[in-house]
Amino acid sequence: MPDEKKPYYITTPIYYVNDRPHIGHCYTTTVADVAARFARLLGRDVFFLTGTDEHAEKVVTTARERGHSPQEWADINAAEFVKAFDLMSIDYDDFMRTSQERHKARASAYIKQLMDSGDIYLGDYKGWYDPSQEEYLTETVAKEHDFKSPVTGKPLEERVEKNYFFRLSKYEARLHEALAKGDAGEEGGCRILPDARRNEVLGRLKQGLHDVPVSRAVKEGDADWGILMPGDPTHRVYVWIEALCNYLSAVDNTAAPSTVDAEGDRSRYWPPAVHVMAKDILWFHAVVWPAMLMAMGRELPAVVYAHAYFVAEGRKMSKSLGNFIEIDRLEAYSEWVVESERKQAEKEGREARPMGIDPVRWYLATQGPLGANDADFAHAKFVEVYNADLANGIGNCASRVGNMIEKYFGGVVPEASATNQDTQLEGWWQAAGGRVQGAFAQFNLELCTHLGLLFVNEVDGYINDTRPFSMAKQIDEDGVRERLGHVLYNCAEAVRIASLLLFPALPNKMAELWRAWDCSPLHDPADPNSGFKASLDELAAWGGAWSLKPGQKITKGPALFMRASVDEAHPGA
RNA sequence: GGCGAGGUAGCUCAGCUGGUUUAGAGCGGCGGAUUCAUAACCCGCAGGUCGUGGGUUCAAGUCCCACUCUCGCCA
């Protein structure tokens with residue numbers, strides 16, 4: 001037992017609370033969840049943070065339109081995210097809401113520290129103001145519209161306003177250094193992944209850094225929403241800056257009130273192992289945030305991972321096309337009862353079961369835009385991947401192994417080979433199992449997951465080679481029963497080990513398998529979010545303490561994943 | 001406009017510093033074998049001008065140039 005578990009802190013962005021949860025939020029969060037589950041499986045002391053970003057001005061406006069206070073409106077929408085992540089089987093450790101006192105107090109303290117050190121100063125902000133919309137436009141947008149309001153067409157006003165700025169320019173050299181160290185994998189560095197994104201940041205960094213505004217002037221009649229600049233109630237902390245602070249505020253035990261008093265000491269989690277996000281907010285996370293941390297004398301996140309986007313049926317998702325894949329659509333998939341399951345259930349005289357959320361998680365985790373390129377969420381592809389990996393893969397394999405043990409050995413796990421005569425599967429695992437740690441260290445979740453699937457393929461091949469079903473026909477002949485037992489033990493043990501690697505992506509279904517096979521490595525077999533009883537190297541040791549024991553009962557149960565057909569009625573419409 | 005990535009089998013992609021063979025994998029498709037299993041699993045097949053045109057070299061998806069198309073980042 002490793003007595004010292006290395007902390008692993010992973011975060012998603014906190015999501016804009018005015019949004020409705022959609023596939024983008026779910027993707028980022030699922031990726032983080034899969035990573036967190038792998039980390040837990042590898043025996044790490046994991047802290048997984050997600051949450052909502054609530055202090056935008058738009059929240060005030062929308063709340064007013066709907067007849068709510070900003071807080072009420074934020075409560076309503078934050079609850080939607082909680083619900084969505086619940087649906088996705090996300091096992092986060094904390095859900096940070098920026099309107100919570102703990103965050104406001106700590107974030108405020110960070111800003112004050114930066115003001116005291118001179119890293120935040122009062123300066124002049126020059127910009128193009130659209131009086132009709134009461135907002136500033138960026139230089140680009142202003143130029144695009146010929147310095148006229150995009151809405152009313154009236155001329156924009158060039159305005160100067162007092163603003164607080166963060167001295168980003170001061171940290172240019174140190175940022176270069178930190179990113180270089182991150183590339184080299186050195187301690188204290190900050191690594192940007194994937195590489196294509198790192199290059200973009202580096203390229204932009206070369207053009208030099210300007211100080212960035214970190215406040216907005218408080219206007220007459222503004223709602224009391226957000227965090228005021230410490231010592232200056234005429235300015236509010238810009239939401240972006242404040243939002244970034246949540247990563248620190250969630251685990252900080254120095255600012256008041258510290259986590260020691262409120263949540264328990266979480267300081268061991270800093271710095272984060274990885275911030276996961278979509279590429280649009282990379283700059284803030286890879287440059288502004290690390291610079292702020294430097295200014296505060298804090299350690300930097302080890303990895304900043306910026307994935308690309310999901311598109312829908314080959315088309316970019318947009319409001320105008322109205323083709324956003326919202327949470328309801330993912331929920332519909334989880335409730336999909338495929339035809340083959342319906343028929344099978346009828347035959348067996350049981351209730352047909354929906355496929356659950358795991359197939360959606362699987363698709364997101366294995367087909368998602370983890371690299372620099374966008375990925376497609378298409379119904380036909382969903383069905384293809386579902387059939388190939390889940391129904392024909394782990395589902396079918398678990399089913400054929402379970403069936404043979406039930407049929408030939410009355411559902412009792414047979415004796416393992418004592419003679420070491422058959423090491424095909426065990427050998428495969430010994431060769432491949434070690435790759436999991438390395439792949440995880442590179443944040444290569446696809447490989448981690450894929451290794452589980454490869455092992456399942458190996459079992460399928462082994463069954464075809466050894467033909468236990470043929471042996472069963474001569475089971476009364478000398479030694480056949482014993483040999484058959486060995487073969488099936490190997491199959492079952494290999495499937496058990498594979499299921500460990502598949503668990504992070506398929507927590508519900510693998511937990512179901514473990515219940516059926518009476519071998520749950522979880523503290524509470526009924527709860528896929530309960531912790532592991534040991535770490536992977538122990539749990540997955542062939543014939544080790546956590547292996548299947550001869551004599552234990554295996555129940556075949558209904559198939560984990562029944563084949564779907566692109567032709568049948570589906571929830572994609 | 002500036003900087004960057006890339007165009008390889010129907011689809012998604014591997015192919016590092018040029019020469020292991022007739023350019024690979026997965027999925028789909030096609031054919032075969034098998035029956036423990038979910039029309040599944042296993043085995044075999046895909047003949048793709050490696051975006052276009054030049055060039056370097058004994059030898060180029062793999063280097064150079066031009067062109068073209070797609071995409072990303074930025075102002």
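Chain naming here is simple, since letters A, B, ... match the order of the sequence lines and numbering starts at 1 in each. Heavy atoms only: backbone and side chains are in, while hydrogens, waters and symmetry mates are out.
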(message) Taking side-chain contact (heavy atoms from CB on, under 4.5 Å) as the definition, give me every residue that meets it alongside F440(A), ordered by chain and number, with sequence neighbours left out.
(response)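 Counting only residues at least two positions away or on another chain, F440(A) forms a side-chain contact (heavy atoms from CB on, under 4.5 Å) with Y8(A), A35(A), F38(A), A39(A), L42(A), L445(A), C448(A).
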
Residues two or more places apart in sequence or in another chain: which of them pass side-chain hydrogen bond (donor to acceptor under 3.5 Å, both in side chains) with [X]?
X	value
Q344(A)	E348(A)
W289(A)	H275(A)
R400(A)	D460(A), N464(A)

(message) I'd like to check the salt bridge (charged side-chain N to carboxylate O under 4.0 Å, His left out) partners of R191(A); sequence neighbours left out, ordered by chain and number.
(response)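 For R191(A) there are no salt bridge (charged side-chain N to carboxylate O under 4.0 Å, His left out) partners, ignoring immediate neighbours.
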
(request) With sequence neighbours left out, write down each residue that passes salt bridge (charged side-chain N to carboxylate O under 4.0 Å, His left out) with K279(A), or none if nothing qualifies. (result)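 Salt bridge (charged side-chain N to carboxylate O under 4.0 Å, His left out) check on K279(A) returns D374(A).
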
Return all side-chain donor-acceptor pairs below 3.5 angstrom for residues 358-371 of chain A, not counting sequence neighbours, or 'none' if the list is empty.
| unit_1 | atom_1 | unit_2 | atom_2 | d |
| --- | --- | --- | --- | --- |
| D358(A) | OD1 | N508(A) | ND2 | 2.8 |
| D358(A) | OD2 | N508(A) | N | 3.0 |
| D358(A) | OD2 | K509(A) | N | 2.7 |
| R361(A) | NE | A505(A) | O | 3.1 |
| R361(A) | NH1 | D33(A) | OD2 | 2.8 |
| R361(A) | NH1 | M88(A) | O | 2.8 |
| R361(A) | NH1 | S89(A) | O | 2.9 |
| R361(A) | NH2 | D33(A) | OD2 | 2.7 |
| R361(A) | NH2 | P504(A) | O | 2.8 |
| W362(A) | NE1 | D389(A) | OD2 | 2.9 |
| Y363(A) | OH | D376(A) | O | 2.7 |
| T366(A) | OG1 | W362(A) | O | 2.8 |

(request) Between U49(B) and U8(B), how far apart are the P atoms? Round to whole Å, please. (result)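 Those two atoms are separated by 11 Å.
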
(request) Let me have RNA chain B in dot-bracket notation, would you? Count Watson-Crick plus G-U wobble pairs, both distances under 3.5 Å, and use [ ] for pairs crossing earlier ones and | for inter-strand partners. (result) (((((((..((((.....[....)))).((((.........)))).....(((((..]....)))))))))))).

(request) Using heavy atoms to find the nearest nucleotide of RNA chain B for S470(A) and N373(A) separately, return the residue whose nucleotide is more 5′. (result)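 Its nucleotide being nearer the 5' end, the pick is N373(A).
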
Write down the protein N/O and nucleotide N/O pairs, taken from nucleotides 25-28 of chain B, whose separation is under 3.5 Å; answer none if there are no such pairs.
| unit_1 | atom_1 | unit_2 | atom_2 | d |
| --- | --- | --- | --- | --- |
| C27(B) | O2' | E384(A) | OE1 | 3.1 |

Using distance only, find each side-chain donor-acceptor pair of residues 403-410 of chain A under 3.5 Å and give its atom names and separation, not counting sequence neighbours.
| unit_1 | atom_1 | unit_2 | atom_2 | d |
| --- | --- | --- | --- | --- |
| N403(A) | OD1 | K556(A) | NZ | 3.4 |
| E406(A) | OE1 | K556(A) | N | 3.4 |

(request) With a 4.0 Å heavy-atom cut-off, tell me which residues in residues 194-207 of chain A come close to RNA chain B, sorted by residue number. (result)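 Output list: R197(A), E200(A), R204(A), Q207(A).
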
(message) Using a strict heavy-atom distance below 4.0 Å, which residues from residues 403-413 of chain A are in contact with RNA chain B?
(response)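 Contacts with RNA chain B under 4.0 Å: N403(A), M404(A), K407(A), Y408(A).
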
(request) Take the angle between the ring planes of F165(A) and Y121(A) and call it parallel below 30°, perpendicular above 60°, tilted in between. (result)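 Taking Y121(A) first and then F165(A), their aromatic rings lie parallel (interplane angle under 30°).
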
